[in-house]
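Notes for the one structure printed next.
Residue numbers begin at 1 in each chain, while the letters A, B, ... track the order of the sequences.
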Amino acid sequence: MSKTSAGHVYIPLSDLRGNTVVDIYGIVRFLKKPYKTRGSDYCLVISLFDQSMSDPDQKLKCLLFAKDMSRLPLAEVGDIIRFHRLSIVNYAGELQGQMKPGTSWVIFSPSIGGSPDAIKASSINYTITDEDKSRVKNLREWAASRNFHDKKCSLKEICPGLYFDLVCQVVSTCVIEDGVCLLLRVWDGTVPNYPVRVIDTEKEGCRVHSLPGLHRRAVGYLYDVCIFDDHFEAGSQIKPGQHVKLYNLHAAEYRNLESRSELSALPVVELTLHQGTSFGRRIAILDEQSEDAHKLRRHLADISPEVSSDTPGKLSSTGSPNMVSRDNRTADAGLANDAQPQGNQVHVSSAVDINQPSTSGITAKRLRTNDSKVCNVKNVNDSKNIDTRNDSHSDNSDSSNANDEQVSKKKQSDISEELFSDSRESRRNSDELQPVKESIVNGSKTEGSAQSLDDTRCMRQTATVILNHPNTKRTKIERILQHMVPYKFRVLARVVDYHPKPKSVQNFLQLYCPDCHFLCPLSCHKLPDSESTFERSLETGRGLDLPVGSTFGGIQHYNCPECVENSSQNSDSLKTPPILQYIYMLRFLIDDGTDWLLANLWKNDAVTFFRDISPTDLLQSKNLFQEVEEMLAQVCPAEGEKPWIECCIMSYRTAQGTQYQIFDTAIV
DNA sequence: GATTAGGGTTGG
């Protein structure tokens with residue numbers, strides 16, 4: 001029954017602050033069933049979200065204690081819950097909701113058109129105003145309109161490190177280790193961008209169960225999934241031919257083989273359903289009438305029509321319009337029990353050759369794809385040290401093409417000053433950036449037949465080329481900024497500015513410790529913030545204020561002062577401290593007319609970029625330093641129109657937020 | 001009255 005407003009002000013969950021007591025509404029995203037603590041209470045852990053949370057991973061965790069379980073809000077995922085007088089505290093860097101004496105709660109069902117009344121409440125006396133009803137209605141409709149928990153991904157979309165849900169058909173099964181590891185050989189009718197580890201099922205003791213007819217249909221699309229531990233039992237129930245959904249499958253980067261012998265080689269992924277059930281990890285056998293099963297069946301029938309089991313599949317004919325490059329080095333070879341069609345044409349198209357070694361019974365495959373989605377990366381932690389914000393700012397004189405770009409000097413100067421501040425918000429909100437964007441858009445419009453950045457048919461001369469990834473479509477920066485992280489993209493853009501300018505080798509190169517990631521400019525004479533560790537290490541310094549390790553090739557090398565200090569503290573002084581590496585470390589402001597981003601370029605990626613001229617080359621040859629200088633001027637001339645560049649960009653997260661890094665790109 | 005516990009991937 002509606003009552004008058006009780007005067008509560010409900011705070012959006014993203015506006016909450018620590019050490020406050022608030023009234024809130026939220027939708028239950030997660031709930032750990034209540035359990036008896038070792039203290040006197042029951043504990044319920046619950047996570048809430050609402051419309052104010054744009055990031056799908058955002059939530060308010062609530063830790064709720066009560067002497068009596070019935071006093072806890074025993075909701076279900078999806079339910080709407082209202083708290084009055086919930087305490088918000090900081091815990092481990094996050095906000096946490098806690099019940100205190102006086103806290104009350106009310107639970108509503110999530111069903112649209114359902115009763116506006118509560119289904120549970122902490123007290124018999126509660127008030128639901130018209131405003132509350134309207135709020136519940138809005139939340140119900142909002143939640144129904146968005147599929148929050150869907151992490152569904154097809155195989156063509158996977159990238160190393162991704163956790164995703166896979167809807168697929170099981171073609172074969174094989175127990176690898178009883179009770180521990182089960183192999184499911186599956187297909188979803190798509191082909192990954194990455195080579196996928198293949199499990200050897202030819203070895204003794206492997207009994208593969210398969211449907212030969214289905215297997216023939218799926219050849220070229222088959223991928224191996226390993227199901228471990230907790231999920232072995234559920235996996236064992238699966239019969240070949242069944243449609244399943246694997247929740248929280250991990251496209252783990254497979255590291256035990258040297259698949260990246262070249263900079264441009266792609267990482268191999270292995271598809272693994274790890275032990276445990278966190279993040280909803282599980283296997284579900286799909287109801288054949290379910291929407292997921294219907295959709296999958298339709299797609300599989302499109303790409304590889306069902307045929308009677310003794311008729312070779314249509315896919316054996318090459319040149320089919322739907323033909324995908326096939327590679328039956330893959331699962332086929334391993335399926336001793338399956339009759340293999342002979343003569344299915346196998347080839348790897350212009351895709352990347354990953355130089356796969358076949359070791360430990362493992363091969364990897366790489367198939368063609370037309371998909372624009374590329375990949376993400378996992379091991380880019382090194383990059384956390386890319387931060388040139390302490391460096392001197394770029395010089396306005398480098399932006400003297402202001403007139404050409406219809407940008408005033410002042411505006412260019414603002415950009416330069418902000419170039420190494422990562423404050424995207426401040427820049428995005430800056431009206432002064434607009435003319436720059438506009439000028440670039442105009443620039444592209446005046447470029448002969450180039451009507452659009454997406455017009456890949458246009459023969460556009462770029463100042464850089466990318467190495468590899470021929471089948472990857474370009475992504476606009478606007479989209480990159482909105483995309484999940486980490487990920488990799490191919491971009492066509494212009495370099496608006498970069499830093500540092502190669503005024504001297506000293507200001508251009510950095511010293512980097514591969515062990516502890518200590519980093520300092522070559523020109524530095526003091527460590528930042530007068531670190532005492534460094535001050536003490538100066539005693540042995542010569543030339544630069546860093547301890548000299550050795551001199552070879554006519555180049556001074558320095559031991560890492562951080563590691564020297566740490567080893568002396570840990571009485572580990574017998575260990576030779578690592579030698580600092582000379583590295584490039586640059587940052588580019590690139591803009592493609594849709595938006596801009598700051599892209600880091602360093603270490604091997606930078607050597608590739610500068611056509612294999614290494615940092616130490618610059619120390620030894622003035623000509624090579626000049627060559628690098630000229631290359632940069634080519635990519636971002638101080639005067640005149642900036643050329644287009646094409647580059648690979650990977651995004652990754654650091655404590656400072658999302659960063660971007662250039663890789664597999666070289667100046668022409 | 002304080003305490004309890006503080007969600008949670010990455011081996012294969």
Side-chain angles (χ1 to χ4, degrees), chain A residues 18 26 28-49 56-69 71-72 75 77 86-101 149 151 153 158-166 174-184 196-201 203 206 224-232 235 246-257 267-283 360-362 376-381 486 652-653:
Chain A
V28 177
R29 149 167 291 173
F30 165 85
L31 181 139
K32 180 168 148 188
K33 65 177 189 206
Y35 60 96
K36 183 88 170 72
T37 67
R38 281 184 289 188
S40 57
D41 295 348
Y42 285 88
C43 178
L44 172 69
V45 182
I46 203 165
S47 290
L48 304 178
F49 69 107
D57 294 327
Q58 258 184 303
K59 66 216 148 190
L60 173 70
K61 282 184 198 171
C62 298
L63 190 70
L64 311 172
F65 292 104
K67 298 252 179 296
D68 186 342
M69 218 194 295
R71 299 186 69 87
L72 291 169
V77 170
L86 184 72
S87 287
I88 305 297
V89 299
N90 282 301
Y91 174 76
E94 285 185 322
L95 293 177
Q96 189 177 78
Q98 294 183 346
M99 292 206 304
K100 292 277 151 66
H149 300 284
K151 300 265 197 280
C153 209
I158 63 167
C159 43
L162 185 73
Y163 288 88
F164 65 108
D165 300 340
L166 178 67
C174 178
V175 172
I176 303 295
E177 189 183 343
D178 196 25
V180 176
C181 180
L182 177 80
L183 167 67
L184 299 181
V196 176
R197 184 188 178 198
V198 178
I199 305 299
D200 180 11
T201 46
K203 62 189 176 193
C206 276
D224 287 357
V225 176
C226 286
I227 307 292
F228 284 98
D229 305 322
D230 315 46
H231 314 289
F232 184 92
L246 306 171
Y247 288 87
N248 198 232
L249 188 61
H250 188 199
E253 190 172 332
Y254 185 61
R255 297 157 189 281
N256 289 8
L257 75 173
V268 177
V269 298
E270 54 181 352
L271 300 173
T272 302
L273 198 72
H274 292 292
Q275 67 170 37
T277 56
S278 51
F279 288 86
R281 196 175 308 126
R282 67 197 161 97
I283 297 174
S360 322
I362 288 157
N376 74 3
V377 285
K378 209 174 168 191
N379 291 323
V380 286
N381 295 337
Y652 57 97
R653 270 199 220 286

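Comparing dG12(B), dA5(B), dT10(B) by their nearest atom to the side chain of H250(A) picks out dT10(B). Of the listed nucleotides (dG7(B), dT10(B), dG6(B)), dT10(B) has the atom at the smallest distance from the side chain of H274(A). Between dG7(B), dT9(B), dG12(B), one nucleotide has an atom nearer to the side chain of V180(A) than all others, and that is dG12(B). For Q96(A), taking side-chain heavy atoms from C-beta onward, the closest of the listed nucleotides dT3(B), dG6(B), dT10(B) is dG6(B).
A sub-4.0 Å separation between OP1 or OP2 of dA5(B) and a side-chain N or O of K36(A) is absent. Put simply, K61(A) has a side-chain N or O that comes within less than 4.0 Å of OP1 or OP2 on dG7(B). The side chain of Y35(A) contributes no N or O atom lying less than 4.0 Å from OP1 or OP2 of dG7(B).
In terms of modelled atom types and a separation under 3.5 Å, the side chain of D224(A) and the main chain of I199(A) share a donor-acceptor contact. Remark: side-chain polar atoms of T277(A) are not paired, donor with acceptor, to backbone N or O of R281(A) under 3.5 angstrom.
Scanning for side chain to side chain contact (heavy atoms under 4.5 Å, CB included) contacts around V45(A) gives F30(A), K32(A), C43(A), L63(A), with sequence neighbours left out.
Counting to the nearest Å, the P atom of dT9(B) and the CG atom of D165(A) are 17 Å from each other. The distance between atom NZ of K100(A) and atom P of dA2(B), rounded to the nearest whole Å, is 11 Å. Atom CE of M99(A) is separated from atom P of dT3(B) by 18 Å (rounded to the nearest Å). The nearest whole Å value for the distance from the CG atom in L72(A) to the C1' atom in dA5(B) is 13 Å. Between F30(A) atom CZ and dT9(B) atom P the separation is 11 Å, expressed in whole Å. One atom, CG of L44(A), and another, P of dG6(B), lie 12 Å apart when rounded to the nearest Å. Distance CG (L63(A)) to C1' (dG6(B)): 5 Å, rounded to an integer number of Å. dT9(B) atom P lies 13 Å from atom NE2 of H231(A), rounded to whole Å.
Within 4.0 Å (heavy atoms only), S278(A) reaches sugar-phosphate atoms of the nucleic acid but no base atom. Using a 4.0 Å heavy-atom distance criterion, E177(A) is classed as making no nucleic acid contact. The residue K33(A) sits apart from the nucleic acid: no heavy atom pair falls under 4.0 Å.
The base of dT4(B) lies outside donor-acceptor range of the side chain of R38(A), with no N or O pair under 3.5 Å. Side-chain N/O atoms of T272(A) and base N/O atoms of dG12(B) include no donor-acceptor pair closer than 3.5 Å. With hydrogens and angles ignored, no donor-acceptor pair closer than 3.5 Å exists between the side chain of S40(A) and the base of dT4(B).
Taking the nucleotide of DNA chain B with the nearest heavy atom to each of L31(A) and Y42(A), the more 5' of the two is matched to Y42(A). Residue-to-nucleotide proximity on DNA chain B shows that, of R281(A) and C181(A), the 5′-proximal contact is made by R281(A).
Aromatic stacking is marked for F228(A) over dG12(B), as both cut-offs hold: 5.5 Å for the centres and 30° for the planes.
Legend: salt bridge (charged side-chain N to carboxylate O under 4.0 Å, His left out) pairs involving residues 270-279 of chain A, not counting sequence neighbours, sorted by first then second residue: R197(A)-E270(A).
The aromatic rings of H250(A) and Y163(A) sit parallel to each other, their planes meeting at less than 30°, with 60° as the upper class boundary.
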Full working for side chain to side chain donor-acceptor pair (under 3.5 Å) between Q96(A) and E94(A): CA-CA 6 Å; Q96(A) 189 177 78; E94(A) 285 185 322; over 6 Å; no
